[in-house]
2 protein chains.
Amino acid sequence: MATTATVEVAAEPKYWHLRTVLVQTIESEFTAGQSLPNERDLAARFGVARATLRQALEQLELEGRLSRRRGAGTVVAGPRVDIALGTQGEGWPGIELGDRQLVDGTTAAVPGRLAAQLGVRPRAMVHRIRRRQLSMRQAVGIECLYVPRAIVPRVPELLGDNRRAALVLRHLRHHPLQGLTRSVEVGVAEPEEARLLERPPGTPVLVVTTSYTAQGRTAALAVATYRADTCRLAFGDVLGDHGDATEGRRGGPGAPPVPAMAMGTRSAS
Amino acid sequence: MATTATVEVAAEPKYWHLRTVLVQTIESEFTAGQSLPNERDLAARFGVARATLRQALEQLELEGRLSRRRGAGTVVAGPRVDIALGTQGEGWPGIELGDRQLVDGTTAAVPGRLAAQLGVRPRAMVHRIRRRQLSMRQAVGIECLYVPRAIVPRVPELLGDNRRAALVLRHLRHHPLQGLTRSVEVGVAEPEEARLLERPPGTPVLVVTTSYTAQGRTAALAVATYRADTCRLAFGDVLGDHGDATEGRRGGPGAPPVPAMAMGTRSAS
DNA sequence: TAGTGGTCTAGACCACGCG
DNA sequence: GCGTGGTCTAGACCACTAA
């Protein structure tokens, strides 16, 4: 009743318009790390239902512009974390690399869905090593390496996760790596993953599947899931037709060079 | 009051449980292309509000298991479309490749946000060539190539999109490609993109940014957005330490690995 | 025109974090 | 304990597709 006068070409959904306004506001009046007002206040301020406001916030979060935490609040996010994906297997042979941290190492039946990709029978035994990718004390990804027992036969049952993982990787190193195939797609985090990533179940993630080939067969399969809101996958220099290897960039394993921009994208100054 | 003696660790949200049930149902009783009951019926059947059901459906769609269209209905999706990303620039020098279709070719001021990445001044002029990636008559991605006029000076103003694009690409071919840098992240489709992809605004997309280097400077920048629900990015064989080059791309790339499964994804049978 | 998914509302309660 | 975001409900209307 209030507004019968305006014609409202509308066409654009309310949540999208809201998103646009919020983007402008964030970029002009906020800096990374700053807190936004709470959802109820924001909804009231813009004259929309909370659900509609949340639809806009969800998109901003998926874009990596906001970070929301239950109980805490909504803060403006910094630039995305670069996850360096190279051609050497991200140091798989060699756990504790850079900001990565071992989660566990087990041996169990292959998770059905991966049997074909690993080139093993449906219920074959495989070693599984999981590690966590950290950034600013925050888990941003879970990396999971599967190795068929046909490749690395067995490791003592009683060893701790750390020793088991190290052992499997050491054995794996004896297989000369021929090459790898890789795919990237979007998925949703299952409850356990979500817990490790400190996000609600169903959180969108980037799923990177890498298949390592040695001696003509699949020696290992890595399935890594990264928080879609906070991560960007960065691929190293790839050569063109016949260029010379300039190499260089993004080589350092410990701390990926993060190309200068540091805090360029957002942040006032 | 310890009234609950049971472990009760989970407290899984309803939408997630719903998702799980739906996944099982879909995998056991449906095949690609089949229609699901409408949302109101499904919600009633599972005894939840429609909004809750929709939350589950949204996730299934993001995973690529369902495909929803306004006015039509919800159908079980076939396997994801493999988007082959190689080291040759996806045939950029050479438009109409595979299932790709030219959208338009223009010359205008650089979109601000890309100036730095292109290595040009804020309002410098750049050529822009857009093409559409199709699959089963359906647009699944929009690929956009930016070329600074410092690299390809000018093309006649009056030419049609097709001629302009061809001209820019032919000029570009004279610059020997040294290498490329690439990143992948998640974003949301802006209204125009969304329209081209036949999706509502804000649809999640995979954003692939590729920077082409020639003679020590950025010769071109490609920004491609693919529907996150229907696409998987497939990277060609990448060599490890010292493997032999099996290569093979260019051969029969029209149909990447696509493991035999699923007859015609959709369309009656 | 009938039926579908897409948007939006105005509530309610819950689970978590922090002081 | 209080404030936050997360979940859920039961409606309503709109925009689109297809018969």
Side-chain angles (χ1 to χ4, degrees), chain A residues 1-3 8-19 34-44 46-62 66-77 138 188-189 191 194-195 197-204 229, chain B residues 4 8-19 34-44 46-62 66-77 138 188-189 191 194-195 197-204 229 266 268:
Chain A
M1 288 295 268
T3 65
E8 285 297 336
V9 254
E12 241 175 24
K14 226 179 243 192
Y15 70 82
W16 182 264
H17 180 251
L18 205 46
R19 187 207 84 109
Q34 236 180 318
S35 279
L36 258 57
N38 72 53
E39 297 183 349
R40 290 163 181 86
D41 285 354
L42 279 177
F46 288 109
V48 299
R50 195 178 152 218
T52 305
L53 174 83
R54 277 179 62 78
Q55 206 173 341
L57 292 183
E58 251 154 54
Q59 301 210 342
L60 292 174
E61 189 173 35
L62 194 60
L66 293 180
S67 169
R68 300 190 287 173
R69 273 171 55 229
R70 179 197 217 129
T74 302
V75 304
V76 176
Q138 244 285 295
V188 299
R195 191 177 47 74
L197 296 175
E198 296 177 4
R199 296 265 59 199
T203 298
D229 57 344
Chain B
T4 56
E8 192 60 48
V9 176
E12 235 173 29
K14 226 179 242 189
Y15 70 82
W16 183 263
H17 180 251
L18 206 46
R19 188 206 84 109
Q34 238 180 317
S35 278
L36 259 58
N38 72 51
E39 298 184 350
R40 291 163 180 85
D41 284 355
L42 278 177
F46 288 108
V48 300
R50 195 179 151 214
T52 304
L53 175 83
R54 277 179 62 78
Q55 206 173 342
L57 292 184
E58 252 154 55
Q59 302 210 341
L60 292 174
E61 189 173 35
L62 194 60
L66 293 181
S67 169
R68 301 188 288 172
R69 272 169 57 230
R70 179 194 293 217
T74 302
V75 303
V76 176
Q138 243 286 296
V188 299
R195 191 177 46 74
L197 297 176
E198 296 178 2
R199 295 265 56 197
T203 298
D229 57 344
R266 293 169 186 73

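Atoms considered below: every heavy atom in the structure, side chains included; atoms not considered: hydrogens, waters and symmetry mates.
- Taking both residues in full, the closest heavy atoms of B:Pro200 and B:Ala194 are given as O-CB, 3.7 Å, listed atom of the first, atom of the second, then distance.
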Any protein N or O atoms within reach of nucleotides 2-4 of chain D? Criterion: under 3.5 Å, listing atom names and distances.
{"from": "D:dG3", "atom 1": "N2", "to": "A:Gly71", "atom 2": "O", "distance (Å)": "3.0"}
{"from": "D:dT4", "atom 1": "OP1", "to": "A:Asn38", "atom 2": "ND2", "distance (Å)": "2.8"}
{"from": "D:dT4", "atom 1": "OP2", "to": "A:Asn38", "atom 2": "ND2", "distance (Å)": "2.9"}
{"from": "D:dT4", "atom 1": "O3'", "to": "A:Ala72", "atom 2": "O", "distance (Å)": "3.4"}
{"from": "D:dT4", "atom 1": "O2", "to": "A:Gly71", "atom 2": "N", "distance (Å)": "3.2"}

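- No side-chain heavy atom of A:Pro204 sits less than 4.5 Å from a side-chain heavy atom of A:Asp229.
- Judged as a side-chain contact (heavy atoms from CB on, under 4.5 Å), and not counting sequence neighbours, B:Arg70 has no contacts.
- Expressed to the nearest 0.5 Å, how far CD of A:Glu12 lies from NE2 of A:His17 amounts to 7.0 Å.
- On the nucleic acid side, DNA chain C contacts chain A at distances under 4.0 Å to non-hydrogen atoms, with the end points of that region at C:dT7 to C:dC18.
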Please tabulate, for side-chain N and O atoms in residues 47-58 of chain B, each donor-acceptor pair with protein atoms closer than 3.5 Å (sequence neighbours left out).
{"from": "B:Arg50", "atom 1": "NE", "to": "B:Glu39", "atom 2": "OE1", "distance (Å)": "3.0"}
{"from": "B:Arg50", "atom 1": "NH2", "to": "B:Glu39", "atom 2": "OE1", "distance (Å)": "3.0"}
{"from": "B:Arg54", "atom 1": "NH1", "to": "B:Glu39", "atom 2": "OE1", "distance (Å)": "3.3"}
{"from": "B:Arg54", "atom 1": "NH1", "to": "B:Glu39", "atom 2": "OE2", "distance (Å)": "3.0"}

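- Interface residues of residues 51-61 of chain B facing DNA chain C, ordered by number: B:Arg54; criterion, heavy-atom separation under 4.0 Å.
- Annotation: side chain of B:Leu66 is in contact with side chain of B:Leu36 (closest heavy-atom distance under 4.5 Å).
- Looking at A:Arg19 and B:Val188, their side chains come closer than 4.5 Å, going by heavy atoms from C-beta outward.
- Under the side-chain contact (heavy atoms from CB on, under 4.5 Å) criterion, A:Gln138 pairs with A:Glu198, A:Arg227, not counting sequence neighbours.
- Contact annotation: the side chain of A:Lys14 never approaches that of A:Phe46 to less than 4.5 Å [non-hydrogen atoms, C-beta and beyond].
- Considering every non-hydrogen atom in both A:Glu61 and A:Arg199, the closest pair reads OE2-NH1, 2.7 Å.
- In this structure, CZ of B:Arg199 is placed 14 Å from P of D:dC16, rounded to the nearest angstrom.
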